[in-house]
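FYI, side chains are in, hydrogens and waters are out, and symmetry mates aren't considered; it's all heavy atoms of this structure.
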Amino acid sequence: MGKFPYEDFVEIVGEQMSQIDTDLKSRALTYNNIKSNLQSLERKTVGNLLTRTLADIVNKEDFVLNSEYLITLLGGRPKGHWDFLDSYFLSFQEEFSADFTM
């Protein structure tokens with residue numbers, strides 16, 4: 001027991017406050033980790049094609065498998081760039097097919 005009775009009380013309250021502060025920081029850290037994991041999962045399921053899994057879009061049958069000469073490449077494009085890419089690949093296709101028809 002200290003010199004004054006309130007010194008013991010202040011010490012006990014200080015220790016309890018320290019314990020509560022430690023518990024609060026631990027719970028806040030756990031909450032932030034769970035929140036971050038949830039946001040990561042949401043990005044993978046509803047995000048753009050850079051972060052989203054393609055498992056629900058592309059099937060195994062869409063790929064060229066076990067070929068020595070062919071591979072499958074996937075490409076994504078923004079919706080607003082369809083006209084440019086469409087014209088680019090059509091001109092490429094015409095040029096490519098012209099090389100083989102000669």
Side-chain angles (χ1 to χ4, degrees):
M1 189 157 184
K3 192 174 182 182
F4 298 103
Y6 64 86
E7 289 177 348
D8 294 335
F9 176 73
V10 170
E11 184 178 330
I12 291 171
V13 169
E15 289 173 1
Q16 288 180 352
M17 286 179 59
S18 176
Q19 182 63 38
I20 291 171
D21 185 51
T22 303
D23 290 346
L24 180 63
K25 287 179 182 177
S26 173
R27 290 181 186 203
L29 180 64
T30 303
Y31 171 77
N32 287 331
N33 286 339
I34 291 171
K35 184 178 175 182
S36 174
N37 289 341
L38 178 62
Q39 288 174 342
S40 176
L41 287 172
E42 286 175 345
R43 271 195 308 272
K44 288 180 181 179
T45 56
V46 295
N48 63 25
L49 293 178
L50 293 174
T51 59
R52 182 178 176 182
T53 179
L54 298 177
D56 57 340
I57 298 172
V58 181
N59 299 321
K60 184 177 179 181
E61 296 80 29
D62 296 329
F63 291 89
V64 175
L65 302 173
N66 302 323
S67 175
E68 186 176 345
Y69 302 105
L70 298 174
I71 61 170
T72 302
L73 299 175
L74 299 176
R77 55 137 185 96
K79 289 182 180 180
H81 294 179
W82 175 253
D83 294 333
F84 168 74
L85 290 172
D86 191 30
S87 64
Y88 176 77
F89 284 113
L90 284 177
S91 65
F92 178 75
Q93 180 183 10
E94 291 169 1
E95 184 178 318
F96 185 74
S97 62
D99 290 342
F100 287 103
T101 58
M102 293 179 131

Original post:
In Å and rounded to the nearest 0.5 Å, what is the CD1 to CG distance from Ile34 to Leu29?
Top reply: 10.0 Å
Subject >> Main-chain N/O of Gly14 paired to Ser18 side chain as donor or acceptor, under 3.5 Å >> reply: no
Original post:
Does Ser36 reach the main-chain N or O of Asn32 with its side chain, forming a donor-acceptor pair under 3.5 Å?
Top reply: no
Original post:
For the residue pair Val64 and Leu70, what are the closest heavy atoms and their distance?
Top reply: CG1-CB, 3.6 Å
Subject >> Pairwise side-chain contact, Glu15 with Gln19, heavy-atom cut-off 4.5 Å (strictly under) >> reply: no
Original post:
Is there a path of hydrophobic side-chain contacts, each under 4.5 Å between heavy atoms of I, L, V, M, F, W or Y residues, that connects Leu65 with Val58?
Top reply: yes
**OP:** Mark yes when over 12 heavy atoms from residues, nucleotides or ligands other than Phe9 sit less than 6.0 Å from its CZ; otherwise mark no.
**Re:** no
